[in-house]
Amino acid sequence: MGVVAQRLVQIFLQLRRVVTQVWYLLRHPTTTGTLLVVLAMVLLLGSIMPRPPESTPGSEAAATWIALLPSWLQPWGDLLFVLGIARIFETPWFWLPVALLLLNSLIALADYAPGSWQRARRCLPSLQWQHPLARRVEHSVRLPTLPDDFDQVLSSNLREQGFFLYRPDGAGQRIMGATQHRWAWLGLVAVYSGLIGLIGAFVITYYTVQTDRFTLLPFQPRSSPLFQGRFELADVEPAMQGLSRVAYTRSGTESIQMSTWRLYQPVFLNNILILPVAINPMLTIEVRNANDALLKLVPLQGDLPPAERLSLSLDSSRSPLYFAIPAENLAIQISPDAATESIYHVEIRRGSESLPVENLQVQVGQLFQADKFTGIIFLNHNLTVVARRDPAWPLYLLSLILIGIGSILTFWRPPAVVWLVPEVKGMGGQLYGVMEKLGPARDMKQFLEELLAVEESPIEQKEASSDNG
């Protein structure tokens, strides 16, 4: 062999060693756990970080997103935006761990699945393959003069301890095999299959998910592009874990479907996930003229449409609220009382006049008279929800079930397998016991010693008694 050929062989051997090490590293459960922790952190970060509005121009997206951040985080807003945190699910921060987890799961399945399936079947598995995550111990004893009786005793002992006896492989050998918790050998296969399904669900979600965030206001029906109908908020009780009662009316029908929602508890409606995420206090104003007809009210703050029952948000600073009554050429300011939450001060101005024509102290829920109209104010709440149509949710559910079942099978009752290999020499010989177990292996050696400690068969005991007689 020439120098060049030897050099090529060395390069090939080094390359194969590197590939083998990388393969083992990617296959190891520690790698799986690390990638899952990283992915969970990315998912958590993406769920709590605000997203810039889709319609925001590129030049203004950074400033808009930074304004949505908490005040303590805004000084680092430019750096976070450049790093892609604003749209983290579209960056390598998310997709690189997903790709590595997919590679890790495929390699693990390639190594674990064939041998694990053989051990879950009824036929005797090969002694040559050892599960990469299992430990083995061996023990041998002298084979008695009547090995068939010895085999019967061993079989009976294994059954008493919950082992399943494999059928012989039919190759003419007298190897005996048994396994405990036989289906648990497929536990890791189920876990990694579930992880692959989870990754597939991520991909489906990325390309098909539809999300809508909207706020339900009191007395104002609201529609959503994800639903063929409209919602109306009937009642909100923040003190009862954010309990809300919502009426849903399907388009083209008059049937009303009432449902109860709780804050942060998901519900499904028409196979669409709805998650209530916020409840905020509101002040609802209703004004009627002398003919008892509702007047249209125009809010002078926020991006709200005119309404006959106008609901305005109450912030923590208890700032004044403003609206106008165009039909009466009036502008009204409502200010909370500093001493109690049940009283509000109402100032009424006409046209462009700077001084109020009336200044009233109004009790919540009680009618008040002012300048040819009658009004009433209510304290209530709005409800903000996130609706999500995701065709991948059945795959998420199936994947999580597989991961859960696989984890229980693997870690709750770790599987074990025992091979008993006789080596007959004349009237005696040796019996070799091999035990392999997935998980803790503290008592494996003691188990084999106790299993094989069968000193005499019943026939030998009878012959020994006759000889003594």
Side-chain angles (χ1 to χ4, degrees), residues 36-37 39-51 68 70 88-89 94 194-195 197-198 200-202 204-206 208-251 253 255-284 311 313-316 378-405 407-408:
L36 285 175
V37 170
L39 193 57
M41 293 175 61
V42 173
L43 290 171
L44 178 62
L45 185 62
S47 63
I48 63 178
M49 281 292 182
R51 292 179 62 85
L68 297 174
I88 196 169
F89 296 124
F94 176 72
L195 290 176
L198 204 61
F202 286 151
I204 296 174
T205 296
Y206 180 77
T208 63
V209 69
Q210 294 176 285
T211 304
D212 185 27
R213 184 187 180 99
F214 57 93
T215 300
L216 298 177
L217 301 175
F219 311 109
Q220 296 185 22
R222 173 65 188 265
S223 60
S224 168
L226 301 184
F227 295 90
Q228 297 180 347
R230 66 183 187 274
F231 294 93
E232 187 169 354
L233 188 60
D235 187 25
V236 178
E237 298 181 13
M240 298 180 62
Q241 300 179 350
L243 179 69
S244 305
R245 295 180 180 86
V246 181
Y248 175 71
T249 305
R250 186 183 296 274
S251 299
T253 66
S255 62
I256 298 177
Q257 179 180 347
M258 296 295 299
S259 57
T260 300
W261 301 350
R262 292 186 183 274
L263 204 59
Y264 307 121
Q265 293 186 11
V267 294
F268 278 93
L269 180 63
N270 298 340
N271 292 323
I272 298 176
L273 176 68
I274 298 176
L275 181 65
V277 295
I279 292 176
N280 295 303
M282 303 281 295
L283 195 68
T284 300
S311 295
S313 297
L314 292 172
D315 56 26
S316 57
F378 302 98
L379 281 177
N380 43 41
H381 297 79
N382 64 17
L383 177 66
T384 300
V385 301
V386 175
R388 184 182 180 94
R389 175 187 282 139
D390 190 352
W393 73 262
L395 185 55
Y396 280 112
L397 181 60
L398 176 61
S399 301
L400 293 175
I401 290 175
L402 280 176
I403 293 173
I405 292 176
S407 300
I408 292 173

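FYI, side chains are in, hydrogens and waters are out, and symmetry mates aren't considered; it's all heavy atoms of this structure.
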**Request:** Determine whether more than 12 heavy atoms belonging to other residues, nucleotides or ligands lie under 6.0 Å from atom CD of Glu237.
**Result:** yes
**Request:** Sort and list the pairs that fulfil salt bridge (Lys or Arg N to Asp or Glu O under 4.0 Å) and have at least one residue in residues 216-235, not counting sequence neighbours.
**Result:** Asp235-Arg245
**Request:** Please state whether the rings of Trp393 and Phe268 are parallel, tilted or perpendicular, taking 30° and 60° as the class boundaries.
**Result:** tilted
**Prompt:** What is the distance from atom CZ of Arg389 to atom OG1 of Thr211, rounded to the nearest 0.5 Å?
**Reply:** 10.5 Å
**Asked** Which heavy atom in Ala247 sits nearest to a heavy atom in Met258, and how many Å separate them?
**Response** CB-SD, 3.4 Å
**Asked** Hey, are Ser313 and Asn280 close enough side-chain-wise for a donor-acceptor pair under 3.5 Å?
**Response** no
**Request:** Nearest 0.5 Å please: distance from the CG atom of Asp390 over to the OH atom of Tyr396.
**Result:** 5.5 Å
**Prompt:** Can you check whether Asn270 reaches Leu226 side chain to side chain, under 4.5 Å on heavy atoms?
**Reply:** no
**Fill in**
Smallest heavy-atom separation, Ala392 atom then Thr205 atom, equals CB-OG1, 3.6 Å
**Asked** From Ser47 OG over to Leu45 CG, what is the distance, rounded to the nearest 0.5 angstrom?
**Response** 8.0 Å
**Residue pair Ile279 / Ser244, side-chain heavy-atom distance below 4.5 Å** = yes
**Prompt:** How many angstroms lie between atom CZ of Phe227 and atom CD1 of Ile272, to the nearest 0.5 angstrom?
**Reply:** 4.0 Å
**Message:** Any heavy-atom pair between the side chains of Phe202 and Leu39 that's under 4.5 Å?
**Reply:** yes
**Asked** Does any donor atom in the side chain of Asn382 or Thr215 lie under 3.5 Å from an acceptor atom in the other side chain?
**Response** no
**Message:** Please give me the minimum heavy-atom distance between Ile88 and Gly46, naming the atom from each residue.
**Reply:** CG2-CA, 3.6 Å
**Worked verdict on Leu379 versus Leu314 for side chain to side chain contact (heavy atoms under 4.5 Å, CB included)** = CA-CA 9 Å; Leu379 281 177; Leu314 292 172; 3.7 Å; yes
**Request:** Determine, step by step, whether Asn380 and Val236 satisfy the side chain to side chain contact (heavy atoms under 4.5 Å, CB included) criterion, reporting the C-alpha distance in whole Å, the side-chain angles of both residues, the deciding distance to 0.1 Å, and the verdict.
**Result:** CA-CA 7 Å; Asn380 43 41; Val236 178; over 6 Å; no
**Request:** Please report the closest heavy-atom contact between Val385 and Pro276, naming both atoms and the distance.
**Result:** CG1-CA, 3.8 Å
**Prompt:** Roughly how far, to the nearest 0.5 Å, is CZ of Phe231 from OG of Ser259?
**Reply:** 7.5 Å
**Item:** Ser399 to Gly194 - nearest heavy-atom pair and separation
**Value:** CB-O, 3.3 Å
**Message:** Using 0.5 Å steps for rounding, measure from the CG atom of Leu233 to the CH2 atom of Trp261.
**Reply:** 8.5 Å
**Request:** Test Leu36 against Leu195 for side chain to side chain contact (heavy atoms under 4.5 Å, CB included), laying out the working first.
**Result:** CA-CA 10 Å; Leu36 285 175; Leu195 290 176; 3.9 Å; yes
**Message:** So which atom in Leu395 and which in Gly200 form the shortest heavy-atom distance, rounded to 0.1 Å?
**Reply:** CD2-C, 3.9 Å
**Item:** More than 12 heavy atoms of other groups within 6.0 Å of Arg213 CZ
**Value:** no
